[in-house]
Amino acid sequence: MGALASILESLASKAAEYMVDSTPEQLGYLFNHESKFQNLWSKVQELKDARQRVQQSVDEANRNGEKIFHDVERWLTMVNDKISDQATTQLQEDEKKAMESYFAGFLLGIKSRYHLSKKAEKEMEAITQLLNGKDQFDRVSYRSVVEGMSIRPVKEYEAFGSRSDAFNGLMAVLNDDNVNIIGVYGMGGVGKTTLVKEAARQIIAKEKKLFDEVILVAITQASNNSNIQNEITEKLGLKIEERSVDVRAARLHDRLKKINKVLIILDDIWEEHDLDALGIPSVDKHKGLKISMTSRRLEVLKSMGSQKSLPIDILKEDEAWNLFKIVAGPIAERSDLQSKANEVAQKCAGLPIAIATVAKALKHKENLHEWEDALEQLKPSEVNCRGVPGAVYSAIEMSYKYLKTEDLKSTFLLCSIMGHNAAIEDLLKYCTGLGLFHGLDTIQKVRNRVLTLVSELEDSSLLLAGSTPECFGMHDVVCDVAISIASGDRGWLALGKEDVFEGWSDVETMRNYNLVSLQHTKVSELSDELECPNLTFFAMVNRDSCLKIPNNFFKGMKRLKVLSLEKVNLSSVPSSIGSLRSLCTLRLIDCGVEDIVMLGELVNLEILDLRNSGIRLLPKEIGQLRRLKLLDLSYCYSLKVVSPNVLSSLSRLEELYFFHSFDRWEVEGSDNLIRSNASLVELQHLSRLTTLKVRVPNEQAMPEDNIFLGKLERYKICIGDGKWYWTETRTEASRMLKLKMKRSSNLFSGIKLLLRKTESLYVDEAEDVREMLDDPVNQGLPHLKHLKLSNVSDMKFVIGSRMFVSCLESLDLHSLMNLESICEAQLKAESFGRLRFLEVSECKMLKNLFSFSIAKRLRQLEEIEVSHCNNMREFIIVEKEEEIGENDNLEFPQLRSLSLRYLPTFNGAWYSQKTLKSVRWLFGKMVIFPVLKKLGICCGIEYEVQDVDLDIRTTMECELEACRDDDSVKELVKKCLSSSGGMENVERLWPNQLDEHSYSKLTSFFLEGCRKLLNVFPLSMLMRLQKLENLSIWNCESLEEIICESQSQEINVSAMQSLSPQLIQSNVITFEFSCLPSLTLIGLPNLKSICHKTQAISWHLLKKMEVYGCNKVEILFASQEISGNINEQPLFWVNKFTFPNLHQLTLGWNVGVKEIWRLIPSSISFQNLIILEVRECDGIIKLITHSTAKSLVHLKEMSILNCKMIEEIIEGGDKNDQDEIIFPQLNSLELESLPKLESFCSSWNYTFGFPSLQTVIVEDCPKMKIFSQGHSNTPMLNEVEFH
């Protein structure tokens, strides 16, 4: 017993040596190790589950084309490290060692068990922090705002004198803070839309930086609230699931209020709109909102509250003539035609739309008599057309008459009834149904003709380009004239949203119509039966959900060829449609129709379009449509059954669309004796099929004999269980193939023939991609434009020598675990000449992107994104010394965006060769980026090294305790703790001298995790940052300043001269960040100031500033007036012009900060500050001085949290310094975890006014007994929480 007691005493004594004290908590490391590991395993599983949920959300966001937030990506990276196979194996070994040491029975067992148990607890705490971090994600992604039509240069805009005056007037009003609703009015065709588009373009292009967001919406006569909301939400990148107009309005309202400054342009308003019903906040509730409207009528603008309405007049005579010459070309100034051409220009009445159309029509007329005839035709028309001036009507009518062919004229008139931004595919369906083009016997031939005609009409200025290449538009004046012409010459009735039609009962008039188009027209109750024996075309876009179509309504339309109904409430098809035996095109779009059995009676039908219908079954009767050429069942989400043999019966079918629709294809030859659904084998019988859009989740459903696929000319085919996102905005193509299967050899010959023609190819998780790409049958994929490969493990290179990549525009490589290079050694000279987008992620073995010889060809490259490539050392590698000369450089003339994230071994080199040493800066002058706008650098080292440090420090400290006298072991540990890879050698991003064209268009800069970087921008680079909109710098632990001087005095003088020559003598840096709204500085423990030199930097548009973890910063703001009287360097030197628009200031974890404002005089104001949040700044004792407090007149929210030393919020003044301090806008005050806080203000001399204060929260402030010594007035206070 004595021996046992001695052992126990020895053990206890030794245990105490390794513990601070023998508390139960410390003893628990020795005796509760088993439960600690069990708890740790439980936390690991919880983390895995959380990761799965987040990853699923990320995957869904990626499929939807959304961008993932950086903090979500960082969280996933950290979690993946924690739950990796290596980490799991280490945890299992630790647990095993702890259990073994439990039974060891000697001193080492206690020591080992103690440290392993403590390590398990630390790991559990780290995992708990990660789980808590996950709870901060309200969402994982965001929809990037689509650059719309308004961003593109307006080719119609000519800055003539009168237009310059109008433009400058508009921009002046947009700059006026006292005017929030602006109107632009003038007659149709005078150039209102062109003017506001140019204003929008210049604002977005930052030539006139005024707004955070600019949204241009074309209203038109046919627009309803839902359409307008859709266009605004699309421009904002906002996704609203709800269908209710009121709910959508509320969502849109909330989104717009979150934008500080936003301009909404409502173009072409015909009637008063309720902005609140649309979801547009009133300008009283959102001071940063401006609304600009255009209309033909001043009274409409006034009714919508326009505070300033600007007239747009016609062009002056000389301006009209100059525009005519520009459009018509040299022929207008030919000596024998010039006088007549001048007369023609004058006949256009100074209206740009008339001038453009007439000049285009005459630009190829060589004979004098043709110009004289044009003058005759341009005599003012007597037709009264919606207020269109007679001269304009005549001009457009003449342009119409000058169209060369009847096909052009008919197509032009048909376009006029299709509304704003109409789809070319819909025009194709109308033209096919009406039989406009004789001798064209296939849909594709008609499509080719339609595309050609639309192009010619755009060239004639009678049509406008649409928002996408698949759409077209028409100026409302041209539209009015076209409808007037068609109504008079062709017997058309075409009405729009402003019209009311009650003429059903006028039997004689209705009998004479050849075409009826009612686009959102208000109509009276429909007749039971309409007698229209000559009618060939009937189209209605409904605006009244209660409108019912009688069963016999179409009975008297025996010659009807085209019937198009949209948003008409049809639970079943009206029986009279079954009698339309001449019908060729039937469109029932978003009509809710479910039962379509009756449509089987339409034996002459060629096009059946049932998009967004509610059908659940495609019945066998549809198989009777033996003349059907096109069947579109896109967006029929409820369609689950396609009756067997229906598709095979449609022997003339050329185009089949199951876009977001039926995908339950049966497997041929399965155990089912009788099929209950369609099989892809049926498509073998469709010898004319050239277009197919289909999804096949079960690859077994693909027939072995699929040679028929080789005949397809247009296709989007997805095979496999991938949750494919159909629409890829950047990679849209007419021939798209997406494959997710283990082996592509299962595809058989038909799919291989498709590969030969494919433009967009996506492959996921296939095991034999290399064989597929190199298969001789594919002929090198000569048409490939977009290639995306993901989760492929057997590839060492992507582009082989047999592949043609001269057409390749985008390359996306994700998780190719064994990829060593993108290209095989020898490629054809034209390779990559069209490459625009390159994205590479999680390719662990890839060391570089391209050889120098290939990099020189990347002249069209616009975006590069490289992330999570653990072995990426350099981007460009020089394989042969003769490839690069001493003065050679690389220029990327089109590169707009460059993102480098989580590249732990990247050495900062753009290229390397044996004769060059590793560079110390990231971007040298030998690499040129003349148009780069977005630059993001995130090394990710801090996460990987931090995690390694935790592990190494925990395990190594155990070893040091056991071998505390072994210096060699200590040295080894020091090396382990200080080692890191990646960009550790990068101490500067740029050399002192850069190419003069590089980085001058930079708008976004994001930097993270460069641990040895001492500064960010050299002084010589400042002038290139004038367009910077976003500046974020994270976790650069050695960074001391943002802007630095060069070691070369000559370069410094040159830089100072470029900034402000008049201030060289005073040696002060003067510069303005004129476009920057947001500044983020996080995790910069050695940062002391923006620049060590005295600065007069203006942050004119800065609205939001975040400063976290900058521990060396002692003073945030100090006045330049006292710059010679203080020893400490502030982060910012300020004057009254420095931060005129700062709205939000957030400070956190800045333990060194002693003062936010140092001796700021009353002349320096932070009067626009709205939100102030300060947390964990332990050096602050007094937060705000008296003078600064008085300037915070717009402050709405103040939160002071976890500041250990703070004693009062407002610093008390001298005894005789009596004053009243008013916070007129403050509505929320939160004071939490402030152990030394005694009061808001300790001085008796100050009284406080809080006229808007509603909520006060005081929590864990034990010394606070009174709010303030002086009187406080809080008339609105309704909630006080004191804990």
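Owing to the predicted nature of the structure, the values given are computational and were not obtained by experimental measurement.
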Are the side chains of [X] and [Y] in touch, meaning some heavy atoms are under 4.5 Å apart?
{"X": "Leu1231", "Y": "Val1256", "value": "no"}
{"X": "Gln55", "Y": "Leu76", "value": "yes"}
{"X": "Ile1115", "Y": "Ile1156", "value": "no"}
{"X": "Val1016", "Y": "Leu1007", "value": "yes"}
{"X": "Leu1253", "Y": "Phe1223", "value": "no"}
{"X": "Leu1014", "Y": "Leu1039", "value": "no"}
{"X": "Asp1260", "Y": "Leu1234", "value": "no"}
{"X": "Glu1220", "Y": "Ile1222", "value": "yes"}

Do you know which two heavy atoms are closest between [X] and [Y], and how far apart they sit?
{"X": "Ile1221", "Y": "Lys1190", "answer": "CG1-CG, 4.1 Å"}
{"X": "Ser1252", "Y": "Pro1224", "answer": "OG-O, 2.6 Å"}
{"X": "Ile1209", "Y": "Met1198", "answer": "CG2-SD, 3.9 Å"}
{"X": "Leu1087", "Y": "Glu1040", "answer": "CD1-O, 3.4 Å"}
{"X": "Leu256", "Y": "Pro281", "answer": "CD1-CD, 3.7 Å"}
{"X": "Leu1142", "Y": "Lys1104", "answer": "CD1-N, 4.1 Å"}

Looking at [Y], is its backbone amide N or carbonyl O close enough to the side chain of [X] to form a donor-acceptor pair, meaning the two atoms are under 3.5 Å apart?
{"X": "Asn1015", "Y": "Ile1043", "value": "no"}
{"X": "His1194", "Y": "Leu1226", "value": "no"}
{"X": "Gln1129", "Y": "Cys1091", "value": "yes"}

Parallel, tilted or perpendicular for [X] and [Y], by the 30°/60° rule?
{"X": "Phe1250", "Y": "Phe1240", "answer": "perpendicular"}
{"X": "Phe1073", "Y": "Trp1099", "answer": "parallel"}
{"X": "Phe1166", "Y": "Phe1117", "answer": "tilted"}

Item checked: Neighbour count above 12 (heavy atom, 6.0 Å) for Lys1088 NZ ->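 Not more than 12 within 6.0 Å, no.
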Note to self: Apply side-chain contact (heavy atoms from CB on, under 4.5 Å) to residues Ile1033 and Leu1084 and explain how you reach the verdict.
What the structure shows: CA-CA 8 Å; Ile1033 304 173; Leu1084 311 176; 3.9 Å; yes
Note to self: Pair Leu1172, Leu1195 - check side-chain contact (heavy atoms from CB on, under 4.5 Å), show working.
What the structure shows: CA-CA 8 Å; Leu1172 173 62; Leu1195 191 68; 4.0 Å; yes
So, [X] and [Y]: side-chain donor and acceptor under 3.5 Å apart, yes or no?
{"X": "Asn1168", "Y": "His1143", "result": "no"}
{"X": "Lys1196", "Y": "Asn1227", "result": "no"}
{"X": "Thr1188", "Y": "Thr1185", "result": "yes"}
{"X": "Glu1208", "Y": "Ser1242", "result": "yes"}

To the nearest 0.5 Å, what is the distance between [atom1] on [X] and [atom2] on [Y]?
{"X": "Cys1203", "Y": "Leu1183", "atom1": "SG", "atom2": "CG", "answer": "7.5 Å"}
{"X": "Thr1247", "Y": "Gln1269", "atom1": "OG1", "atom2": "CD", "answer": "13.5 Å"}
{"X": "Leu1229", "Y": "Thr1274", "atom1": "CG", "atom2": "OG1", "answer": "11.0 Å"}
{"X": "Leu1079", "Y": "Leu1028", "atom1": "CG", "atom2": "CG", "answer": "9.5 Å"}
{"X": "Phe1282", "Y": "Cys1261", "atom1": "CZ", "atom2": "SG", "answer": "7.0 Å"}
{"X": "Met1105", "Y": "Leu1076", "atom1": "CE", "atom2": "CG", "answer": "9.5 Å"}

Next item on the list: Using the side-chain contact (heavy atoms from CB on, under 4.5 Å) rule, take Val1134 and Phe1139 through it: C-alpha gap first, then chi angles, then the decisive distance, then the call.
Entry: CA-CA 8 Å; Val1134 297; Phe1139 296 110; 3.6 Å; yes
Item checked: Stepwise side-chain contact (heavy atoms from CB on, under 4.5 Å) check, Asn1245 with Asp1219 -> CA-CA 6 Å; Asn1245 299 323; Asp1219 203 353; over 6 Å; no
Checklist line | Steps toward salt bridge (charged side-chain N to carboxylate O under 4.0 Å, His left out) verdict (Glu1173, Arg1175) | finding: CA-CA 7 Å; Glu1173 180 179 337; Arg1175 63 170 67 232; 2.9 Å; yes
Note to self: Please confirm whether the ring centroid of Phe1248 lies under 6.0 Å from the ring centroid of His1271.
What the structure shows: no
Next item on the list: Walk me through it: do Lys1112 and Asn1086 pass the test side-chain hydrogen bond (donor to acceptor under 3.5 Å, both in side chains)?
Entry: CA-CA 5 Å; Lys1112 289 283 182 72; Asn1086 283 293; 2.8 Å; yes
